[in-house]
*Asks:* 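Sharing a structure below in structure tokens format, with a few things to ask.
Labels below follow one simple rule: chain letters A, B, ... track the order of the sequence lines, proteins then strands, and each chain is numbered from 1.
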Protein chains: 2
Amino acid sequence: MRAALQDREPGGGRIRQQQEAAILEAAERVFARGGFQGATMVDIAQEAGLSKSNVHYYFGTKADIYRAVLANILRLWLAETDRITPGADPREALSHYIRAKMRLTAERPEASRVFANEVLHGAPEIGDFLRGTLRRLVAEKAAVIEGWIERGRIAAVDPVHLFISLWALTQTYADFEVQVCALLGRPALGGADYRRATAHVLNLLLRGCGLDGGVVSEDVRKEMPDA
Amino acid sequence: MRAALQDREPGGGRIRQQQEAAILEAAERVFARGGFQGATMVDIAQEAGLSKSNVHYYFGTKADIYRAVLANILRLWLAETDRITPGADPREALSHYIRAKMRLTAERPEASRVFANEVLHGAPEIGDFLRGTLRRLVAEKAAVIEGWIERGRIAAVDPVHLFISLWALTQTYADFEVQVCALLGRPALGGADYRRATAHVLNLLLRGCGLDGGVVSEDVRKEMPDA
DNA sequence: TAAAAACCTGACCAAATAGTCAGGATTCAG
DNA sequence: CTGAATCCTGACTATTTGGTCAGGTTTTTA
């Protein structure tokens, strides 16, 4: 069994900090384009404005970079579920989480794609994370939602499937962006598109939980500035 | 601009038919595992029980195999929207399509993964298909749904986003199978899991269209045999 | 059954690519 | 200012891999 994915400790000099950040940022783009196999060290180096050897100086192997990129993404993913607590208002808590997830998708589509690619191909690196940390987190939040259901605050929905749906509905706008663009007849997704998508997803999920009453599109406009 | 993706004409002798089929079946599995880049000709050959040279005898290049696999998948994808017509009962028509999509996902998860990988990486092969045939089809069906909305038969939903949601919700069970398994604590998804997922997705989407009244799980059980 | 067509193989090649390394350039601590 | 640490480079290597080809084997056809 593979060692757990963990963040690199941020030691090293000024230059190291800067270059590693540049490499990780470049690598995220490159991995998003072609996956692990499709990315070459030369691509990453060029995208970061460095020589291939120099990239190897900071990160021993391509796999090291890949793991570091994934670790960054997972950190991003894990936040945002805080408001889902037994005492919270279901409508408010769910709306907040959905909006947060959608905003993340709009702002970091590449991160979403790297993650999608990893999971699509069997999660060789983050399998343990999925079966460990993530599973525990979801079980915990699912219990909260079960509580809401028992107290009649929302309709009966399988909470785990609800999370699966929520992620599918939001991330699809990043992962399948070309397809979405094709169907909407757009060259790329802009702020307006994401606002509309957010309203749609909110409607679908809230109604699915028996929390009807459409979302006023005003609500969405406020917190999603043009991309 | 690249030539349109088209089916191979099924000429050739008895042996050719058989071997090509074997290669395409094997290739779908291999491409599903690692994407285009991650698949090697040796992998495909081994999976098909042939020598690498022999695979090259039937298909000139790896890209040829890939395109043929995609063409097969697209053919599969395109069917099933027939019942979405102006005169149809929205509930019946949507249920039927959702169930069909879910069944396809359960039965051909590898096909779904190959498609997902292709789109995830910018749809270099099927971009034209997405912007052409698929867009036209969706526009046509969207018009039907707009009609339903105008006549007050279902709630106001953006039809194109509805299709995007529908595909995201169903295909996620194949594309992110490892993650779903991790969350459900299962080694693999079986018939029971897919039945539960189908009921969940049906509920979510039908309610989202204002067609409430939960789906009786009995309905689902009938048409999805154990995998 | 014999010629032709279709099928199959192993050896080979060229390109791509991850990773190494010796040594030079720059930066930094004292 | 100087020595040490850090940073950077270009040339090189080993391996993987898609694709070719000459020639052998099997199947089909007439």
*Asks:* Take atom CZ of F59(A) and atom P of dC7(D), then tell me their distance rounded to the nearest Å.
*Replies:*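 It works out to 12 Å between those atoms.
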*Asks:* Starting at CD1 of I44(B) and ending at P of dG19(D), how long is that distance when rounded to a whole Å?
*Replies:*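 So the two atoms are 10 Å apart, to the nearest Å.
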*Asks:* Starting from the 5' end of DNA chain D, give me the residue, S53(A) or Q37(B), whose nearest nucleotide shows up first.
*Replies:*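 First, find each residue's nearest nucleotide; the 5'-ward one identifies S53(A).
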*Asks:* Figure out the NE2/C1' separation between H56(A) and dT13(D), and round it to whole Å.
*Replies:*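 So the two atoms are 13 Å apart, to the nearest Å.
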*Asks:* dG19(C) base to K62(A) side chain: any donor-acceptor pair below 3.5 Å?
*Replies:*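 Not at all, since no donor on one side and acceptor on the other fall under 3.5 Å apart.
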*Asks:* Across the strands shown, which category fits A39(B) at heavy-atom distances under 4.0 angstrom: base, sugar-phosphate, nothing?
*Replies:* sugar-phosphate
*Asks:* Using a cut-off of under 3.5 Å, enumerate the N/O to N/O pairs linking the protein to nucleotides 27-30 of chain D.
*Replies:*
| from | atom 1 | to | atom 2 | distance (Å) |
| --- | --- | --- | --- | --- |
| dT28(D) | OP1 | R14(B) | NE | 3.2 |
| dT28(D) | OP1 | R14(B) | NH2 | 3.1 |

*Asks:* Could you label the plane-to-plane angle of the F36(B) and F31(B) rings as parallel, tilted or perpendicular, counting under 30° as parallel and over 60° as perpendicular?
*Replies:*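 Taking F31(B) first and then F36(B), their aromatic rings lie parallel (interplane angle under 30°).
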*Asks:* Atom SG of C181(A) and atom CG of D193(A): how far apart are they, to the nearest 0.5 Å?
*Replies:* 7.5 Å
*Asks:* Quiz question: by atom type and distance under 3.5 Å, do the side chains of T40(A) and D43(A) form a donor-acceptor pair?
*Replies:*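 Looking only at side-chain atoms, D43(A) and T40(A) do form a donor-acceptor pair, the distance falling under 3.5 Å.
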*Asks:* Which nucleotide in the list dC7(D), dC8(C), dG19(C) gets nearest to the side chain of R16(A)?
*Replies:* dC7(D)
*Asks:* Check E28(A) with R113(A), please: is the shortest side-chain N to carboxylate O separation under 4.0 Å?
*Replies:* no
*Asks:* Give the rounded distance in Å between these two atoms: CG of N54(B) and P of dA6(C).
*Replies:* 15 Å
*Asks:* State whether R33(B) and E47(B) are salt-bridged, where the test is any N-O pair (Lys NZ or Arg NE/NH1/NH2 against Asp/Glu carboxylate O) under 4.0 Å.
*Replies:*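 A salt bridge links R33(B) with E47(B).
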*Asks:* Determine whether a donor-acceptor pair (one donor, one acceptor, N or O, separation below 3.5 Å) exists between the side chain of T61(B) and the base of dG19(D).
*Replies:* no
*Asks:* Can you list the steps and then say if Y66(B) with E118(B) is a side-chain hydrogen bond (donor to acceptor under 3.5 Å, both in side chains)?
*Replies:* CA-CA 10 Å; Y66(B) 185 62; E118(B) 162 72 7; 2.6 Å; yes
*Asks:* Please report, rounded to the nearest Å, how far the P atom of dC7(D) is from the CD atom of Q17(A).
*Replies:* 10 Å
*Asks:* I want to check one thing: is the phosphate of dC8(C), taken as OP1 and OP2, less than 4.0 Å away from some side-chain N or O of Y57(B)?
*Replies:*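 No, outside the criterion.
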*Asks:* May I ask you to decide if the ring planes of H200(A) and H161(B) are parallel, tilted or perpendicular, using 30° and 60° as cut-offs?
*Replies:*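 Tilted, since the angle between the ring planes falls between 30° and 60°.
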*Asks:* Distance check needed: dC8(C) P versus E20(B) CD, whole Å only.
*Replies:*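 Checked: the CD to P distance equals 11 Å.
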*Asks:* Calculate the interatomic distance between D43(B) atom CG and dT16(D) atom P; express it in whole Å.
*Replies:* 13 Å
*Asks:* Starting from P on dT17(C), measure out to CZ on F36(A) and report it in whole angstrom.
*Replies:* 13 Å
*Asks:* Below 4.0 angstrom from OP1 or OP2 of dT6(D), is there any side-chain N or O of Q19(A)?
*Replies:* no
